[in-house]
Number of protein chains: 2
Amino acid sequence: MSDPLLFTPGPLTTSAKVKAAMQRDVGSRDSEFIGIVAEIRSELLRIGGVSKEAGYEAVPMQGSGTFAIEAVLSSVIPPDGRLLVLANGAYGERIRQIAERLKIAVSINRWPEDESPNVVTVWRLLRQQPRPTHVAIVHLETTTGILNPIDEIGAVVREHGCRFIVDAMSSFGGVALDLAALPVDYLVSSANKCLEGVPGFSFVITRRGALQESAGWARSVSLDLLAQFEALESNGQFRFTPPTHALLAFAQALAELREEGGVPARAERFRRNREALLPGMRQLGFREYLKPECQSDIITSFRFPEDAAFEFAKFYRRLAERGFVIYPGKVSHADCFRIGTIGRLSVGDVNGLIAAIERVLTEMNVQRVS
Amino acid sequence: MSDPLLFTPGPLTTSAKVKAAMQRDVGSRDSEFIGIVAEIRSELLRIGGVSKEAGYEAVPMQGSGTFAIEAVLSSVIPPDGRLLVLANGAYGERIRQIAERLKIAVSINRWPEDESPNVVTVWRLLRQQPRPTHVAIVHLETTTGILNPIDEIGAVVREHGCRFIVDAMSSFGGVALDLAALPVDYLVSSANKCLEGVPGFSFVITRRGALQESAGWARSVSLDLLAQFEALESNGQFRFTPPTHALLAFAQALAELREEGGVPARAERFRRNREALLPGMRQLGFREYLKPECQSDIITSFRFPEDAAFEFAKFYRRLAERGFVIYPGKVSHADCFRIGTIGRLSVGDVNGLIAAIERVLTEMNVQRVS
């Protein structure tokens with residue numbers, strides 16, 4: 001039996017060619033690999049709509065997305081800096097947790113998980129003493145699937161002279177984003193999300209000037225973003241062993257993004273996936289957690305059915321046995337599960353998932369309220 | 001043309017089956033993957049000659065070996081702790097650098113790169129005020145290939161009531177090591193060294209009691225060793241996205257280690273590789289940097305020939321073109337290059353390398369002094 005399809009926020013189902021690209025062993029300090037890393041860094045800037053010439057840099061960092069978030073926080077906030085986190089989910093909370101652990105002065109403003117931070121409140125927060133020097137937000141909160149308005153919030157952040165840190169883990173490459181038009185200083189994302197690579201590293205797209213002002217501030221050696229950048233610039237090499245195979249896979253994944261037609265085409269495929277998912281799920285009696293207007297096409301939270309016959313663990317396991325891996329929920333005040341619509345998945349795969357869910361609900365004797 | 005053979009300290013040439021194990025996408029929170037991670041953790045303990053029952057734990061950590069070193073230092077040294085680093089190469093210096101960055105009180109005692117820390121000096125250092133609480137050493141300094149005597153030094157460290165941190169990056173799995181008989185509290189190694197997996201994560205083998213005493217000390221969220229352990233214990237999952245493909249590859253690599261006959265058989269293969277390398281290199285006029293008695297079988301530093309016709313960059317490139325990737329040197333006061341004899345390499349491969357070196361020297365008109 002082939003591997004199940006992954007309807008998750010990542011690691012995802014990747015293409016056969018992406019995985020085939022890992023059938024090699026390359027030297028991490030060898031010229032071929034150095035060339036691949038350079039090409040990946042340029043391509044990431046192109047995907048973000050920016051370039052080296054325009055003053056931007058892409059800096060890959062070993063580890064999961066959280067490692068790159070911590071790399072940014074621990075590297076670019078000065079000792080006397082102050083971070084304001086705008087949070088409406090678990091990943092905003094994680095930014096606060098990391099800043100606290102790093103003994104960075106941090107305040108957090110929370111919105112309900114089904115509501116985006118609003119610009120009027122942010123404007124007010126930015127005028128309170130002590131003034132923040134840095135503001136962080138999650139673009140697409142994987143907790144729920146909500147998409148936050150980083151453009152209008154970013155404008156207010158910039159107006160107040162603060163640096164803007166955006167966790168775009170689950171959006172970059174799958175949601176149209178023109179960094180040249182956005183006041184973002186540090187954007188963080190990961191190889192194994194919308195770009196459809198395999199896990200092993202993440203990356204930061206940053207304004208070179210903002211990065212370079214951070215000399216001497218890094219609180220970690222492994223996660224020192226400026227040192228990582230300077231090493232890559234000086235000899236093209238990572239400071240410490242990179243996940244060579246994951247980078248080979250990523251180069252192939254980026255080639256496939258180009259072939260697909262870039263971010264607009266990929267976003268459109270994800271949109272079609274989700275468009276196929278919603279009516280099917282609604283017909284089976286499921287209701288989304290979020291209001292439609294703030295929902296992304298990347299991942300959707302569904303409330304548990306009210307029928308007591310629904311047990312999530314059993315539901316999950318039976319779907320997995322049928323070849324469909326979904327994702328547990330993370331919403332604080334509602335029982336939900338999540339279905340991702342990213343990765344190498346098509347509308348046909350989504351229809352297969354819905355058919356499997358229908359069969360499993362019948363097996364479990366869950367009543368449908370439709 | 002097939003990929004070159006990697007005569008490096010890693011990433012290495014791995015087996016075809018190790019790479020083939022990455023031809024799958026598995027969910028990072030799915031039961032099959034959880035089972036694989038649990039099996040890997042148990043197997044790492046077996047390789048170290050210890051077990052959960054005997055009070056040991058294996059904790060994988062995303063990122064390169066340096067990330068796991070920093071995870072240990074930043075997690076297990078209390079705020080009022082003091083680290084003593086016993087250094088005879090660049091990786092000892094890196095431990096000091098990390099501790100300084102983390103604002104941990106640290107002192108370093110340096111030995112020449114071709115000499116091991118000696119136990120009499122260590123005994124004296126441990127009695128100096130302020131007394132260290134933790135002592136760190138590199139087992140096999142990849143800088144040169146020197147193997148340091150962690151058994152006798154560990155005994156003195158233990159006698160003085162200090163915790164002992166061992167960087168066994170380039171030795172674990174390739175050098176016989178019985179952790180049950182060694183006073184090591186934290187041993188750090190990596191997936192892509194003697195265990196012949198692919199890069200993407202590293203791991204710590206630790207006494208559970210020593211790890212658990214560190215509650216509240218972690219200086220990082222990403223690199224929080226105790227939190228990583230507790231998450232793996234509570235639900236079998238990594239806290240943050242693991243490099244799923246690298247872990248699948250590693251499970252296969254560990255199976256191949258068992259098939260080969262465990263660490264003794266692997267150490268013997270590495271010994272034969274190096275035994276084939278030395279006379280060949282000497283015949284071509286190369287001299288080792290280290291005295292034979294402190295040299296490991298893992299990696300060997302060779303001095304540049306005295307002939308001015310020898311240019312390392314050209315030598316390296318021409319060997320790479322012939323399918324053999326060697327490694328630059330890292331010794332401070334001597335011009336050297338390094339040849340690793342680990343990874344899926346045989347005596348036949350070593351002989352192929354020597355033949356290629358001979359041809360390249362001839363092309364470069366380098367005189368042989370034999």
Side-chain angles (χ1 to χ4, degrees), chain A residues 3-4 6 8 10-14 16 19-20 22-32 61-67 69-71 74 94 97-98 101-103 190 192 198-201 218-224 238-246 249 317 320 325 327-328 343-344, chain B residues 3-4 6 8 10-14 16 19-20 22-32 61-67 69-71 74 94 97-98 101-103 190 192 198-201 218-224 238-246 249 317 320 325 327-328 343-344:
Chain A
D3 275 320
L6 304 179
T8 71
L12 303 166
T13 298
T14 65
K19 290 185 281 285
M22 293 189 284
Q23 297 305 285
R24 305 181 51 197
D25 295 307
V26 296
S28 58
R29 308 202 179 276
D30 198 48
S31 57
E32 185 200 352
M61 179 61 72
Q62 296 95 325
S64 79
T66 299
F67 286 60
I69 293 283
E70 183 160 334
S74 70
R94 189 178 291 170
Q97 183 202 5
I98 293 169
R101 185 69 61 89
L102 297 169
K103 302 191 191 306
S190 158
N192 62 289
V198 307
F201 70 98
R219 293 154 180 87
S220 158
V221 169
S222 304
L223 301 174
D224 184 333
F238 279 75
R239 296 171 303 153
F240 313 127
T241 305
T244 42
H245 301 77
R317 200 175 55 246
V325 169
Y327 213 65
R344 200 94 312 227
Chain B
D3 275 321
L6 305 179
T8 71
L12 303 166
T13 297
T14 65
K19 290 185 281 284
M22 293 189 284
Q23 297 306 285
R24 305 180 52 198
D25 295 307
V26 296
S28 59
R29 308 203 179 276
D30 198 48
S31 57
E32 185 200 353
M61 181 60 72
Q62 296 95 325
S64 80
T66 299
F67 286 60
I69 293 283
E70 183 162 334
S74 69
R94 188 177 291 170
Q97 183 202 3
I98 293 170
R101 185 69 60 90
L102 297 169
K103 302 191 190 305
S190 157
N192 62 290
V198 307
F201 69 99
R219 294 155 180 85
S220 158
V221 169
S222 305
L223 300 174
D224 184 335
F238 280 76
R239 296 171 303 153
F240 312 127
T241 305
T244 42
H245 301 77
R317 198 175 59 245
V325 169
Y327 214 66
R344 200 98 305 232

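A, B, ... follow the sequence lines: proteins, then strands. Residue 1 opens every chain.
Listed for the A/His245 side chain is no donor-acceptor partner under 3.5 Å among the backbone atoms of B/Ala246. At least one donor-acceptor pair closer than 3.5 Å links the side chain of B/Gln62 to the backbone N or O of B/Thr241.
Taken from OG in B/Ser74 to CG in B/Asp224, the straight-line distance is 7.5 Å, to the nearest 0.5 Å. One finds the OG1 atom of A/Thr14 at 12.0 Å from the CZ atom of B/Arg24 (value rounded to the nearest 0.5 Å).
Annotation: maximal heavy-atom pairing with chain A below 4.5 Å, among B/Ala20, B/Gly65, B/Gly200, occurs at B/Ala20. The most heavy-atom pairs under 4.5 Å with chain B, out of A/Pro199, A/Ser28, A/Gly343, A/Ala16, come from A/Pro199. Most heavy-atom pairs under 4.5 Å with chain A: of the set B/Val325, B/Thr8, B/Val198, this distinction falls to B/Val198. Considering only heavy-atom pairs separated by less than 4.5 Å from chain A, the leading option among B/Pro11, B/Ser190, B/Ala249, B/Ala71 is B/Pro11. Note on A/Gly10, A/Ala218, A/Ser31: by heavy-atom pairs under 4.5 Å with chain B, the leading option is A/Ala218. The choice from B/Leu223, B/Leu102, B/Asn192, B/Asp30 that makes the most heavy-atom pairs within less than 4.5 Å of chain A is B/Asp30. Between chain A and the options B/Arg94, B/Arg239, B/Met61, heavy-atom pairs under 4.5 Å are most frequent for B/Arg94. Considering only heavy-atom pairs separated by less than 4.5 Å from chain A, the leading option among B/Glu32, B/Arg317, B/Gln23, B/Met22 is B/Gln23.
Of the two parts of A/Phe201, neither the backbone nor the side chain holds a non-hydrogen atom closer than 4.5 Å to a non-hydrogen atom of chain B. Of the atoms belonging to A/Ile69, not a single heavy atom falls under 4.5 Å from chain B. B/Tyr327 touches chain A through its side chain: at least one heavy atom from C-beta onward sits under 4.5 Å away, while N, CA, C and O do not. Only the backbone of A/Pro242 has a heavy atom closer than 4.5 Å to any heavy atom of chain B.
Of the residues B/Glu70, B/Arg219, B/Arg101, the one that meets the side-chain hydrogen bond (donor to acceptor under 3.5 Å, both in side chains) test with A/Ser220 is B/Glu70.
In this structure the side chain of B/Thr13 reaches within 4.5 angstrom of the side chain of B/Leu6, judged on heavy atoms.
Counting all heavy atoms, side chain and backbone alike, B/Ser222 lies closest to B/Phe240 at CA-CE1, 4.0 Å.
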key: From CA spacing to verdict: side chain to side chain contact (heavy atoms under 4.5 Å, CB included), B/Asp25, A/Asp3   = CA-CA 7 Å; B/Asp25 295 307; A/Asp3 275 320; 5.7 Å; no
